[in-house]
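Below: one structure, written as structure tokens.
Residue numbers start at 1 and run along the sequence shown.
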Amino acid sequence: MLYRDAVNELSSGTLALKTICIYCLVCAAQGTGIGNSGIIGSTRSQLWLSITQYTNKEVNCQLFRHIQELSIGWHLGRKTGEVIRIVDRSSSAITNLLNYILFSIGPVLSIL
């Protein structure tokens with residue numbers, strides 16, 4: 001919408017300095033590249049980092065406690081690498097799920 005206003009004002013012959021400045025600020029806030037290149041994306045990444053670290057720590061601690069409480073027969077029947085792989089995949093899956101819910105589904109539901 002700002003881009004349209006800037007083009008309309010420039011085509012009418014008036015100097016659209018205010019509209020162009022607002023457009024440039026919005027572009028800087030959103031970012032022009034892929035990923036978190038803008039101010040909004042960088043701020044979101046910084047805030048999300050602490051949530052991700054806390055979630056990973058809590059899930060991994062609970063999972064480790066649960067694994068320690070299992071019987072010796074369960075441990076003898078499993079390979080150590082298999083258990084480590086399952087733990088790594090579960091923590092990354094939880095992080096991806098939270099990321100998807102918060103930043104993909106959440107905004108859509110908030111609009112409705």
Side-chain angles (χ1 to χ4, degrees):
M1 193 149 82
L2 288 172
Y3 184 71
R4 180 195 66 195
D5 293 341
V7 170
N8 288 340
E9 288 180 22
L10 286 173
S11 63
S12 68
T14 60
L15 183 61
L17 187 60
K18 178 182 174 186
T19 307
I20 292 172
C21 289
I22 291 172
Y23 176 73
C24 291
L25 287 173
V26 168
C27 284
Q30 289 178 343
T32 56
I34 298 172
N36 297 325
S37 63
I39 296 168
I40 295 171
S42 298
T43 304
R44 183 187 86 165
S45 293
Q46 289 299 317
L47 295 174
W48 181 245
L49 184 64
S50 61
I51 295 170
T52 302
Q53 289 175 347
Y54 175 77
T55 304
N56 280 340
K57 184 185 81 165
E58 287 298 315
V59 168
N60 287 335
C61 285
Q62 289 178 7
L63 193 56
F64 185 70
R65 248 183 261 118
H66 176 73
I67 289 173
Q68 283 184 328
E69 292 172 357
L70 294 173
S71 67
I72 190 70
W74 185 87
H75 287 283
L76 293 176
R78 294 280 186 173
K79 297 177 183 172
T80 305
E82 183 182 345
V83 174
I84 292 172
R85 180 178 50 88
I86 292 169
V87 169
D88 285 341
R89 284 187 180 175
S90 66
S91 62
S92 66
I94 290 171
T95 302
N96 290 338
L97 179 67
L98 286 175
N99 191 5
Y100 184 70
I101 289 171
L102 241 83
F103 299 121
S104 296
I105 296 175
V108 172
L109 292 178
S110 68
I111 292 171
L112 300 175

Single-linkage hydrophobic cluster, 4.5 Å side-chain cutoff, Leu63 and Tyr54 together: no
- Message: Tell me whether Asn96 contacts the main-chain N or O of Ser92 through its side chain, where contact means a donor paired with an acceptor under 3.5 Å.
- Response: yes
Hey, are the side chains of Trp48 and Leu102 touching, using non-hydrogen atoms and a 4.5 Å cut-off?
yes
d(Asn56 CG, Thr95 OG1) to nearest 0.5 Å is 4.0 Å
Side chain proximity check, Trp74 to Val83, heavy atoms < 4.5 angstrom: yes
Keeping His75 on the side-chain end and Ile67 on the backbone end, is there a donor-acceptor pair under 3.5 Å? yes
Any non-hydrogen side-chain atom of His66 less than 4.5 Å from a side-chain atom of Leu70? yes
Value for OG1 (Thr55) from CG (Asn99), rounded to nearest 0.5 Å, stands at 11.0 Å
I'd like to know if the side chain of Ser91 and the backbone of Asp88 have a donor-acceptor N/O pair within less than 3.5 Å. yes
